[in-house]
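Below: the structure, in structure tokens.
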Amino acid sequence: MVSVPSPTPGAHSATAAEPPSAGQPPLPVKLVIAGGFGVGKTTAVGAISEIRPLTTEAAITEVAAGVDDLTHTPGKTTTTVAMDFGCITIDPTLKLYLFGTPGQDRFGFMWDDVVEGALGGLVIVDTRRLDDCYAAVDYFEHKDVPFAVAVNAFDGEVQHDLDEVRWALDISEHVPLVVFDARETGSVRDALLVVLDVALTRAQSAAVS
Amino acid sequence: MAAGEPVPHEAAGSAGSAGSAGRAGSAWDAPEPAGRASAVRPFLLTAGRVSGSGAAPSLPVESQVVATPTGLSALDSLAFEHHDLVAACRRPQSVAELAAQLRLHLNVVRVLAGDLCTAGHLAVHVPNAKATQDISVLRRVIDGLRAVPDSRGTLRDSS
């Protein structure tokens, strides 16, 4: 792949650069980051976003506390009940948004809203609670959205090997499965690049046929 | 990109603002008032209308909204959420950013932005759905993402 420098100079270096005129907004594109409760979606968005992630977080309520089991995520006291997002300015004419959406079934009503028009999706998995991400995997498969699955290595540890995870989640061979660290910018970047690679391959084969 | 195509929300007049303590368009990093929930129900702000009803699909969350010169000059005559929305759109913002920044429900922003667009105060740029299959767009995103360093310093406060 050729790396074409952006035609507009100084897109990234200028801090707080105002667009030349308020008139022409960038083309917005988006990736969706899905996954179960406490799996690291917000962390991942925050690790790579160029702005502080905007998030609608509410302290977990008693009702939700019964549903969202906190016992496996000690230290986590709030959950994202809406969605959080960040962005990366690719150049002044193109802006990538990252939307983190709750992965559980009961938030499914939000997915259509966000996933429509997305370049692809990344499903984040906590190997201690694989079942939390089934719904998101199913959803992306049925909607035919290019996606990859990323196992978040909490504290650098992955408790199952990847073949087991693939088997347990019943994801097909052509879906990439990677290990990443949601706290590391480079690691999140690489996981998102895997998703975009799936999207590109698909777009290319669609263009040929 | 063509200048703001009005999104065909049903524009049922501007009876929308039922009044609330709206926050004036603020910077990204304005300290967030912790735990404040609006006392005003979303349907009051939209005069009972919901987004995505009828023929019009709801506005994608990443759609870019920007104030028009007309909107900016009419700013003083706008009240509450209408005022806040136009003021926040001095530079282009996504629908999602507006919702987060103004602490409004996503669908409230959709409806109000539709109204303001019809009134000529805002221009709404709906992303081209074909962009997701556009190989050149994908390549640009990939190249742009590759350029992201392994670790970011402190986050910039504005986009």
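Protein chains get the first letters and strands the later ones, always in sequence-line order, with residue 1 at the start of each.
The two residues A:Phe85 and B:Glu97 come nearest to each other via the heavy atoms CZ-N, 3.5 Å. Nearest heavy atom pair, residue A:Pro26 against residue B:Gln64, reads O-CG, 3.5 Å.
A distance of 4.5 Å separates CG of A:Asp91 from CZ of B:Arg140, quoted to the nearest 0.5 Å. Taking CZ of A:Arg183 as the start and OG of B:Ser151 as the end, the distance is 14.0 Å to the nearest 0.5 Å. Here the CG atom belonging to A:Leu27 is positioned 9.0 Å from the CD atom belonging to B:Glu62, to the nearest 0.5 angstrom. Here the CD1-CG distance, from B:Ile142 to A:Asp197, works out to 6.0 Å after rounding to the nearest 0.5 Å. Going from atom CG of B:Leu138 over to atom OG1 of A:Thr201 covers 9.5 Å, rounded to the nearest 0.5 Å. Note: B:Asp143 CG to A:Ile90 CD1 = 9.0 Å, rounded to the nearest 0.5 Å.
In this structure the side chain of A:Leu200 reaches within 4.5 angstrom of the side chain of B:Arg139, judged on heavy atoms. When side chains are defined from C-beta on, A:Pro28 does not count as touching B:Ser94, because their heavy atoms never get closer than 4.5 Å. Residues A:Gln204 and B:Ile135 are in side-chain contact: their nearest non-hydrogen atoms beyond the backbone lie under 4.5 Å apart. Looking at heavy atoms from C-beta onward, A:Glu116 lies out of side-chain contact with B:Val61 at the 4.5 angstrom threshold.
In this structure, chain A has no heavy atom under 4.5 Å from any part of B:Val65. Only the backbone of B:Pro149 comes within contact range of chain A, with heavy atoms under 4.5 Å apart. Both the backbone and the side chain of A:Leu94 come within less than 4.5 Å of a heavy atom of chain B.
Ranked by heavy-atom pairs under 4.5 Å with chain B, the list A:Ala203, A:Ala207, A:Ser187 is led by A:Ala203. Most heavy-atom pairs under 4.5 Å with chain B: of the set A:Arg202, A:Glu184, A:Arg189, this distinction falls to A:Arg189. Annotation: maximal heavy-atom pairing with chain B below 4.5 Å, among A:Asp190, A:Leu193, A:Val188, A:Leu96, occurs at A:Leu193.
The side chain to side chain contact (heavy atoms under 4.5 Å, CB included) with A:Val29 is formed by just one residue from the set B:Asn128, B:Val141, B:Asp134; it is B:Val141.
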